[in-house]
Chemist: 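Encoded as structure tokens, here's the structure I'll be asking about.
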Amino acid sequence: MSKKYIRPSWDEYFSKLVDAVATRATCDRGRAGCVIVKDKQILVTGYVGSPKGLPHCDDVGHLMKKVIHEDGNITQHCVRTVHAEQNAITQAARRGIALEGATLYVRMTPCRTCTMLIINTGIERVVCQQKYHAAKESEAMFKEAGIKLEYLSEDVLKYDKQ
């Protein structure tokens, strides 16, 4: 007798689509994707990539900057690309798609800048596959703004040469 097929939950389903969207990313440090959904329908997607017409990391290499955090920790970030969340939000804006009341699915906790954009769009819920190593500020901002932040895993995503 064969096992009964168990359909994924909506969160699992849309989270798997994040991984598919991420395959289009053009920076190998963080091939991230984003899916924004409302009423179980996909509104828009985005992935990490350079602004239109500008060179991609995969073609010309990374544009690295060091960030010194309040605790003295120093991390390196590639600043050549636009984050997946930012690209999804700008795609919605270009196409006149309202994001009020939507749910955003992403690989890890959004950064501070993405968090501010998400708050201002009216997105009501953010579902992350994992935590970002510097997530505390974003988590606090989401809480203060009344946006639900949920994790499918408590694991912290780490980058090479972070």
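All of these numbers come straight from a predicted model, not from anything done at the bench.
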Chemist: Indicate yes or no: at least one non-hydrogen side-chain atom of I119 is less than 4.5 angstrom from one of M141.
Modeler: yes
Chemist: Treating Ile, Leu, Val, Met, Phe, Trp and Tyr as nodes and any side-chain heavy-atom pair under 4.5 angstrom as an edge, say whether V44 and Y47 lie in one connected cluster.
Modeler: no
Chemist: Do the side chains of E139 and L149 get nearer than 4.5 Å, heavy atoms only?
Modeler: yes
Chemist: If I take atom NZ from residue K131 and atom NZ from residue K136, how far apart are they, to the nearest 0.5 angstrom?
Modeler: 9.5 Å
Chemist: Are there over 12 heavy-atom neighbours, none belonging to D39, within less than 6.0 Å of that residue's CG?
Modeler: no
Chemist: What I'd like to find out is whether the side chain of V126 reaches to under 4.5 Å of the side chain of F142, using heavy atoms alone.
Modeler: yes
Chemist: With rounding to the nearest 0.5 Å, note down the distance linking NZ in K38 to CD1 in I123.
Modeler: 10.5 Å
Chemist: Would R112 and T115 count as a side chain to side chain contact (heavy atoms under 4.5 Å, CB included) here? Give the steps.
Modeler: CA-CA 5 Å; R112 184 180 202 283; T115 296; 5.6 Å; no
Chemist: Taking A135's backbone N and O only, do any of them form a donor-acceptor pair with T109's side chain (distance below 3.5 Å, no angle check)?
Modeler: no
Chemist: Check for me, please, whether V18 and V37 land in the same ILVMFWY cluster - side-chain distances under 4.5 Å, paths through other members count.
Modeler: yes
Chemist: Show, in sequence, the C-alpha distance, side-chain angles and deciding distance for T113 and Q86, and conclude whether the side chain to side chain contact (heavy atoms under 4.5 Å, CB included) test is met.
Modeler: CA-CA 9 Å; T113 300; Q86 295 165 358; 3.7 Å; yes
Chemist: With the side chain counted from C-beta on, respond yes when Q76 and H62 share a heavy-atom pair under 4.5 Å apart, and no when they do not.
Modeler: no
Chemist: Carefully, step by step, assess I36 and I42 under the rule side chain to side chain contact (heavy atoms under 4.5 Å, CB included).
Modeler: CA-CA 6 Å; I36 303 177; I42 297 168; over 6 Å; no
Chemist: Report yes if some heavy atom in the side chain of V21 is under 4.5 Å from a heavy atom in the side chain of V35; otherwise report no.
Modeler: yes
Chemist: Can you tell if the side chain of P110 reaches within under 4.5 Å of the side chain of H83, non-hydrogen atoms only?
Modeler: no
Chemist: Whether D11 and R125 form a salt bridge (side-chain N of Lys/Arg under 4.0 Å from carboxylate O of Asp/Glu) is what I want to check.
Modeler: yes
Chemist: Out of curiosity, does V67 fall in the hydrophobic cluster containing Y132 (side-chain heavy atoms, cut-off under 4.5 Å, transitive links)?
Modeler: no
Chemist: Tell me whether E150 at atom CD has more than 12 heavy atoms from other residues, nucleotides or ligands lying less than 6.0 Å away.
Modeler: yes
Chemist: Using 30° and 60° as the class boundaries, would you call the ring planes of W10 and F14 parallel, tilted or perpendicular?
Modeler: parallel
Chemist: Go through the steps to decide whether C34 and L104 satisfy the test side chain to side chain contact (heavy atoms under 4.5 Å, CB included), and finish with yes or no.
Modeler: CA-CA 7 Å; C34 176; L104 180 142; 3.6 Å; yes
Chemist: Is L99 close to I89 at the side-chain level, that is, under 4.5 Å between some pair of heavy atoms?
Modeler: yes
Chemist: Quick one: pull up CZ in R31 and OG1 in T23 and give me the separation to the nearest 0.5 Å.
Modeler: 9.5 Å
Chemist: Would you kindly say whether D155 and Q129 are connected by a side-chain donor-acceptor distance under 3.5 Å?
Modeler: no
Chemist: Given the rule that I, L, V, M, F, W and Y join up when any side-chain heavy atoms are under 4.5 Å apart, are L43 and Y105 in one cluster?
Modeler: no
Chemist: Between the main-chain N or O of D58 and the side-chain N or O of T26, is there a donor-acceptor pair closer than 3.5 Å?
Modeler: no
Chemist: Given the rule that I, L, V, M, F, W and Y join up when any side-chain heavy atoms are under 4.5 Å apart, are I118 and Y151 in one cluster?
Modeler: yes
Chemist: Can you check whether Q91 reaches T45 side chain to side chain, under 4.5 Å on heavy atoms?
Modeler: no
Chemist: Can a side-chain donor-acceptor contact be found between Q130 and S153 if the only test is distance below 3.5 angstrom?
Modeler: no
